[in-house]
> 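I'd like to ask some things about the structure below.
Throughout, residue positions are numbered sequentially from 1 according to the sequence presented. Values below: every heavy atom of this structure, side chains too, minus hydrogens, waters and symmetry copies. Both ligands and their constituent atoms are indexed starting at 1 by order of listing.
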Amino acid sequence: MEAGKPVDSEKKHRLMVQQAYPATLDTPESEASSFVAGTVSQYACQRRTTLNNCNKKFTDAFEILAENYEFRENEVPCLAFMRAASVLKCLPFTIVRMGDLEGLPCLGGEIRNVIEEITEEGESSRAKDVLTDERYQSFKLFISVFGVGLKTSEKWYRMGFRILEEVKADKTLKLSRMQKAGFLYYEDLVSGVSKAEADAVSLIVKDAVRTFLPDALVTITGGFRRGKKIGHDVDFLITSPGLRQEEEVLHKVIDLWKKQGLLLYYDLVESTLEQAKLPSRKVDAFDHFQKCFAILKLHQQRVDTRSCDTSKESDKAEVKDWKAIRVDLVVSPFEQYAYALLGWTGSRQFERDLRRYATHERKMMLDNHALYDKTKRIFLKAKSEEEIFAHLGLDYLEPWERNA
Ligand code: CTP
Ligand code: MN
Ligand code: MN
């Protein structure tokens with residue numbers, strides 16, 4: 001009435017015709033009609049989840065609610081909302097009414113109420129409340145700094161800080177080396193990494209590694225391997241069929257980058273493989289590989305941005321011509337490469353469910369190093385991810401189908 005015209009016709013205003021799936025579906029007929037809700041597994045490793053999310057309206061709300069529970073260290077509902085989001089992400093259709101949920105796992109109780117409200121009102125009032133919550137907003141800001149996790153956020157919040165400027169202004173505060181770097185390169189790091197930047201970093205990493213290990217295998221893992229167009233960092237897995245010479249390569253690469261002035265920050269963690277025993281029982285456990293969490297200086301001309309303006313580079317001496325990029329480097333022994341690759345490709349939800357599946361459905365223990373069959377009491381060797389899926393009795397999922 002205010003606008004003096006009828007409102008746009010939205011899905012929620014329409015009476016749905018009794019059919020299997022809404023006509024607005026953008027997936028091919030065959031895919032939708034072959035979809036049977038009752039066959040959706042509770043395990044993400046048995047669901048093909050691409051980046052094509054038809055239920056973003058729901059999953060965004062779930063992820064906000066899950067994160068709020070995480071900030072309050074309330075693990076059970078946090079995991080429940082993350083699992084629910086993950087289930088909706090694999091659906092080839094958009095949820096429009098409650099009947100669409102029939103047969104789907106992990107969508108009970110509280111979660112149903114949130115879905116119901118979104119189907120009726122178009123949004124979740126609970127998620128909206130969280131977004132305006134003071135604690136949630138502050139924690140969001142604090143954890144956006146590299147090196148700041150829940151513990152530090154909690155501390156800063158209890159000290160009365162609410163925004164980053166207040167934290168920065170307190171000169172008595174003891175910041176870790178990581179957090180100092182986090183503040184120093186904040187704008188660059190918070191802006192995210194594009195695919196083009198990831199490719200440019202990839203060339204730098206491959207160049208450096210192969211200077212010292214010509215036959216090294218350098219593979220991009222994490223979100224970019226799953227086909228994401230943007231990430232918070234670039235993850236690499238390094239290995240070589242050679243005899244344990246991979247141990248030195250990370251030190252050499254770091255020295256080289258230091259000399260070239262490319263290393264803005266690094267934290268080298270030595271391998272603890274010697275101490276490692278059976279695959280870890282923990283679902284979110286750290287692994288034992290040698291690794292380096294770094295911030296690299298990426299010069300802008302190394303990124304193919306398809307711009308022609310490279311003319312007066314020397315005149316713009318004052319212009320910052322580089323961007324700080326978070327890079328994770330992991331070195332694995334050749335025999336463990338397939339397990340390391342599977343573990344570092346993610347997503348986190350996919351990894352969690354893969355381990356949960358191995359434990360509860362196969363009586364096996366899986367981590368980033370190995371797969372142990374508790375019944376046969378043997379370690380199962382694998383040269384490829386395909387072989388690991390086969391050991392677990394799972395259909396193979398391509399990396400881009402692991403965006404659970
Ligand atoms: N990982 C791990 N051990 C760690 C850190 C990460 O096994 N200590 C694995 C996780 O399973 C994760 C993957 O490595 O799926 C990549 O981690 P991360 O870079 O944090 O996540 P991405 O999926 O790459 O997402 P983003 O685009 O935000 O970087
Ligand atoms: Mn990543
Ligand atoms: Mn990472």
Side-chain angles (χ1 to χ4, degrees), residues 44-45 49-51 53 63 67 70 79 82 85-86 89 140 143-150 178 181-182 188-199 201-202 205 218-239 265-273 276 279-296 324-332 336-358 365-371 385 388 397-404:
C45 54
T49 313
T50 66
L51 289 166
N53 178 5
E63 280 164 3
E67 198 173 30
E70 189 191 350
L79 276 174
M82 288 204 285
S86 178
K89 281 180 188 177
K140 259 320 236 192
I143 60 160
S144 74
V145 180
F146 174 54
V148 177
L150 288 188
M178 206 183 216
D188 278 358
L189 298 184
V190 89
S191 75
V193 185
S194 70
K195 180 73 176 58
E197 287 162 346
D199 290 338
V201 171
S202 188
V205 174
V218 181
T219 313
I220 207 161
T221 60
F224 286 109
R225 184 161 184 253
R226 301 196 309 274
K228 278 177 64 177
K229 294 279 181 283
I230 194 149
H232 95 282
D233 67 356
V234 200
D235 308 283
F236 293 93
L237 181 62
I238 301 163
T239 193
Y265 167 91
Y266 78 96
D267 175 21
L268 181 79
V269 182
E270 289 298 344
S271 151
T272 51
L273 281 169
S280 170
R281 285 164 194 277
K282 299 207 188 95
V283 178
D284 279 315
F286 286 111
D287 62 42
H288 299 276
F289 296 124
Q290 183 194 40
K291 52 179 87 71
C292 180
F293 306 106
I295 300 176
L296 269 195
I325 309 265
R326 270 277 297 114
V327 175
D328 284 345
L329 304 171
V330 181
V331 180
S332 97
Q336 300 181 7
Y337 176 72
Y339 287 100
L341 183 61
L342 182 62
W344 275 84
T345 298
S347 67
R348 272 171 206 279
Q349 188 61 40
F350 175 85
E351 301 295 335
R352 261 188 224 120
D353 280 4
L354 201 56
R355 286 168 199 216
R356 209 160 54 87
Y357 177 86
M365 291 158 83
L366 172 73
D367 67 9
N368 289 0
H369 305 277
L371 179 63
E385 291 179 313
I388 305 173
L397 297 192
E398 297 287 352
W400 55 88
E401 296 173 319
R402 301 179 205 162
N403 285 292

> Counting only heavy atoms, tell me which of D235, L237, V330 gets closest to atom 19 (O) of ligand 1.
D235
> Counting each atom of ligand 1 from 1 as listed, which ones have a heavy atom of S347 under 4.0 Å away?
15 (O)
> Y265 vs F146 aromatic rings, parallel, tilted or perpendicular, using cut-offs 30° and 60°?
perpendicular
> For a 4.5 angstrom cut-off between non-hydrogen side-chain atoms, does F293 reach V269?
yes
> Show the nearest heavy-atom pair for residues Y337 and S332, with the distance to one decimal.
CA-OG, 3.5 Å
> At a non-hydrogen distance cut-off of under 4.0 Å, which region of W344 contacts ligand 1 (side chain, backbone, both, or neither)?
both
> For residues S202 and F236, determine if any side-chain heavy atom of one lies less than 4.5 Å from a side-chain heavy atom of the other.
yes
> Can you find a heavy atom in the side chain of D235 that is under 4.5 Å from one in the side chain of V330?
no
> When only distance counts, is H232 in polar contact with ligand 1, meaning an N/O pair under 3.5 Å?
yes
> Are any of the N or O atoms of G222 closer than 3.5 Å to those of ligand 1?
no
> Within ligand 1, which atoms have a heavy atom of G346 less than 4.0 Å away?
15 (O)
> Can you list the ligand 1 atoms lying under 4.0 Å from a non-hydrogen atom of K228?
25 (O), 26 (P), 27 (O), 28 (O)
> With the threshold set at under 4.0 angstrom, would you say R226 reaches ligand 1 through any of its heavy atoms?
yes
> Checking the side chain of D188 only, and the main-chain atoms of A324 only, is there a donor and an acceptor separated by less than 3.5 Å?
yes
> Side chains of D367 and Y339: closer than 4.5 Å at any heavy-atom pair?
no
> Short of 2.8 Å from the Mn ion (ligand 3), name each protein N/O/S atom, waters not counted.
D233 OD2, D235 OD1, D328 OD2
> In the structure I gave you, are the side-chain heavy atoms of E385 and T345 within less than 4.5 Å of one another anywhere?
yes
> Number the atoms of ligand 1 from 1 as they appear, then name those within less than 4.0 Å of a heavy atom of F286, with their elements.
8 (N)
> If you measure every N or O of N368 against every N or O of ligand 1, does any of those distances drop under 3.5 Å?
yes
> Any non-hydrogen side-chain atom of R402 less than 4.5 Å from a side-chain atom of L342?
yes
> Residues two or more places apart in sequence or in another chain: which of them pass ring-ring contact (aromatic ring centres under 6.0 Å, His included) with Y357?
Y43
> If the cut-off is 4.0 Å to any non-hydrogen atom of G343, which atoms of ligand 1 fall inside it?
7 (O), 9 (C), 10 (C), 11 (O), 14 (O)
> Between V234 and V193, what is the shortest heavy-atom contact and its length?
CG2-CG1, 3.8 Å
> Before signing off on this row, confirm whether G231 and ligand 1 have an N or O atom pair separated by under 3.5 Å.
no
> Geometry only, no angles: is D233 polar-contacting ligand 1 at N/O separations under 3.5 Å?
yes
> Can you name the atoms of ligand 1, numbered from 1 with element, that are less than 4.0 Å from a heavy atom of G223?
22 (P), 23 (O), 24 (O)
> Out of all atoms in ligand 1, which are within 4.0 Å of some heavy atom of E351? Include the element for each.
11 (O)
> Check the side chains of D287 and W344 for a donor-acceptor pair under 3.5 angstrom, ignoring hydrogens and angles.
yes
> Could you check which of K229, R348, R402, R352 puts a non-hydrogen atom nearest to atom 18 (P) of ligand 1?
R348
> Do M82 and E70 come close enough that some side-chain heavy atom pair is under 4.5 Å?
no
> If I take atom CZ from residue F289 and atom CD1 from residue I238, how far apart are they, to the nearest 0.5 angstrom?
12.0 Å
